[in-house]
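Notes follow once the structure below has been shown.
Side-chain atoms are counted along with the backbone in the values below, which use heavy atoms only and exclude waters and symmetry mates. Chain A is the first sequence line, chain B the second, and so forth, proteins listed ahead of strands; every chain is numbered from 1.
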Protein chains: 2
Amino acid sequence: MKKYDISFDTFLKNFKEHVSKLGFKNSIQKDYILKNLYYSEDHLTAEDIVTYVKREYNIDVGIATVYRTMKFFEEMSIVNSLDIGDGTKRYELNLSLHHDHMICTACHKIIEFADEIIESQQILVAKENNFDLKNHVMTIYGLCENCQ
Amino acid sequence: MKKYDISFDTFLKNFKEHVSKLGFKNSIQKDYILKNLYYSEDHLTAEDIVTYVKREYNIDVGIATVYRTMKFFEEMSIVNSLDIGDGTKRYELNLSLHHDHMICTACHKIIEFADEIIESQQILVAKENNFDLKNHVMTIYGLCENCQ
DNA sequence: TTTTATGCAAACATTTTGCAGTCAC
DNA sequence: GTGACTGCAAAATGTTTGCATAAAA
């Protein structure tokens, strides 16, 4: 659904250079996990990633590697994690402009949205509290159009 | 820290009547879990609740009962749950006005805040998307004053 | 007396960790 | 060759469930 401003190849190349510069090592697992995140739908669980990478690219990745890699990607700030309330972490690429989520409590559909007023107000609130804002998550729960 | 507009005794009395009317049964476990939520700090884990109820009131409550009770309270809309990103659910009484959280990623301190502009903008965004808003969660991550 | 709630222990699901072997640089 | 990465299996963690008993209405 969502397209990014940067092509996958460019993104991957940049990322691999970045990894090298920091003294970490690249691997085909990292490459294909990233490729999968780039081209698949958002909001994948670790299990999803294992399944999809195998199905789409025929690459075997262990679930432990996925968890470790996602933690690594989060620290690199190229991935965000998301909890839709079912006790399972989901991951999405952090390449697009910041957006938030509306989650339907009936069908679990996820609607993404971005609102500039909310964004700027958050920055203001953080400043008022002498808080050094790094990231934020906003989730609206309710019923989507179909489920009302 | 936070005081509610309603006394615990009044709140408990109302709640017990409500439970009866719906055909459920009251119990001292429910009473003391509620009492603990009312008087303790916010953002307790299930484990915290077991520990505190024992310590403060010398009442034994099983962890399974806490989970079941919190689910029940959430369905009654008197409790909210909160995920601060460490994989453990935390609970707080839903008696006060809506507020959101800023969480320090270094010391895990939680700062509560309420912002009317953000609140009203959320309602607007939901409306624009034909989404029937029931609840929402907003969390800002970053560094608190002390940890910067 | 009927039905719901509780507590225990077992089950379950998700995530993390230790370790031996592999791969990148 | 060294150090980081991977995969497996085991462990750890958090949460849920089945069942017998207890308590509420």
Side-chain angles (χ1 to χ4, degrees), chain A residues 12-13 15-36 43-51 53-54 57-76 78-91 108, chain B residues 12-13 15-36 43-51 53-54 57-76 78-91 108:
Chain A
L12 182 63
K13 185 166 158 289
F15 181 68
K16 291 176 84 145
E17 282 170 9
H18 187 54
V19 168
S20 296
K21 268 186 204 134
L22 292 171
F24 297 107
K25 286 177 181 166
N26 287 292
S27 68
I28 56 165
Q29 286 84 354
K30 286 201 187 87
D31 294 356
Y32 280 95
I33 290 173
L34 268 189
K35 187 165 187 177
N36 182 57
H43 319 119
L44 302 175
T45 66
E47 207 68 65
D48 289 340
I49 293 170
V50 170
T51 307
V53 167
K54 173 68 180 174
Y57 310 112
N58 202 37
I59 302 283
D60 286 301
V61 187
I63 189 90
T65 299
V66 172
Y67 281 112
R68 280 186 284 231
T69 304
M70 298 322 277
K71 193 164 284 181
F72 179 74
F73 286 170
E74 281 196 82
E75 278 160 15
M76 306 271 111
I78 62 166
V79 157
N80 294 323
S81 71
L82 172 72
D83 176 7
I84 71 168
D86 64 350
T88 312
K89 255 187 180 168
R90 276 152 218 281
Y91 302 94
H108 298 107
Chain B
L12 183 63
K13 185 166 158 291
F15 180 69
K16 291 178 84 145
E17 281 170 9
H18 187 54
V19 168
S20 296
K21 269 185 202 133
L22 291 172
F24 297 106
K25 288 175 181 169
N26 288 292
S27 69
I28 55 165
Q29 286 82 353
K30 285 200 187 86
D31 294 356
Y32 281 94
I33 289 173
L34 268 187
K35 187 165 186 175
N36 181 57
H43 320 119
L44 302 175
T45 65
E47 207 68 65
D48 289 340
I49 293 170
V50 171
T51 307
V53 168
K54 174 67 180 174
Y57 311 112
N58 202 38
I59 302 283
D60 286 301
V61 188
I63 189 89
T65 299
V66 172
Y67 281 113
R68 280 187 285 234
T69 304
M70 299 321 279
K71 191 165 283 181
F72 179 75
F73 287 169
E74 280 196 83
E75 278 160 15
M76 306 271 112
I78 62 165
V79 157
N80 295 322
S81 70
L82 171 73
D83 176 8
I84 69 168
D86 63 351
T88 312
K89 257 187 179 168
R90 275 151 219 280
Y91 303 94
H108 298 107

Exercise for the section: Could I get the full list of side chain to side chain donor-acceptor pair (under 3.5 Å) partners for A:Thr88, not counting sequence neighbours? Expected result: none
Practice task
Can you see which heavy atom on B:Thr69 is nearest to which on B:Lys30, and at what distance?
Solution key: CG2-CG, 4.2 Å
Problem - Residues that A:Lys25 engages under salt bridge (Lys or Arg N to Asp or Glu O under 4.0 Å), provided they are two or more places apart - result: none
Practice task
Take the protein atom OH of B:Tyr32 and the nucleotide atom P of C:dG7, then report the distance between them rounded to whole Å.
Solution key: 14 Å
Practice task
May I ask you to say what B:Lys71 touches in the nucleic acid, namely base, sugar-phosphate or nothing, with a heavy-atom cut-off under 4.0 Å?
Solution key: sugar-phosphate
Problem - Protein-nucleotide distance (A:Lys16, atom NZ; C:dC23, atom C1'), rounded to Å - result: 13 Å
Completion exercise
salt bridge (charged side-chain N to carboxylate O under 4.0 Å, His left out) pairs touching residues 57-66 of chain A, sequence neighbours excluded, are A:Lys54-A:Asp60
List, with names and distances, any nitrogen or oxygen atoms from the protein found under 3.5 Å away from nitrogen or oxygen atoms belonging to nucleotides 8-14 of chain D.
| from | atom 1 | to | atom 2 | distance (Å) |
| --- | --- | --- | --- | --- |
| D:dG14 | OP1 | B:Thr88 | OG1 | 3.3 |

Exercise for the section: Check whether any side-chain nitrogen or oxygen of B:Gln29 sits under 4.0 Å from OP1 or OP2 of C:dG7, and answer yes or no. Expected result: yes
Problem - Whole-Å gap separating P (D:dT17) and CE (B:Met70) - result: 17 Å
Problem - Qualifying residues under side chain to side chain donor-acceptor pair (under 3.5 Å), relative to B:Glu74, sequence neighbours excluded - result: B:Ser81
Completion exercise
Rounded to whole Å, CZ of A:Phe73 lies from P of D:dC5 at a distance of 11 Å
Which protein N or O atoms sit under 3.5 Å from an N or O of nucleotides 22-25 of chain D?
| from | atom 1 | to | atom 2 | distance (Å) |
| --- | --- | --- | --- | --- |
| D:dA24 | N3 | B:Lys25 | NZ | 3.1 |
| D:dA25 | OP1 | B:Asn26 | ND2 | 3.4 |

Exercise for the section: Return the value, rounded to whole Å, for the distance between atom NZ of B:Lys54 and atom C1' of C:dT6. Expected result: 16 Å
Problem - Pairing residues for A:Lys71 by the salt bridge (Lys or Arg N to Asp or Glu O under 4.0 Å) criterion, not counting sequence neighbours - result: none
Handout entry: Set of side chain to side chain donor-acceptor pair (under 3.5 Å) partners for A:Asp83, sequence neighbours left out
Key = none
Practice task
Using atom CG of B:Leu34 as one end and atom P of C:dA5 as the other, report the distance to the nearest whole Å.
Solution key: 14 Å
Handout entry: Separation of atom CG in B:Asp48 from atom P in D:dT15, rounded to whole Å
Key = 11 Å
Completion exercise
Across all chains, not counting sequence neighbours, the side chain to side chain donor-acceptor pair (under 3.5 Å) partners of B:Thr51 are none
Problem - Centroid-centroid under 6.0 Å between B:Tyr91 and B:Phe73 rings - result: no
Practice task
Would you mind reading off the distance between A:Asp60 atom CG and C:dT22 atom P, rounded to a whole angstrom?
Solution key: 16 Å
Fill in the blank from the handout: 5'-most contact on DNA chain D (nearest-nucleotide basis), B:Thr45 vs A:Val19, goes to A:Val19
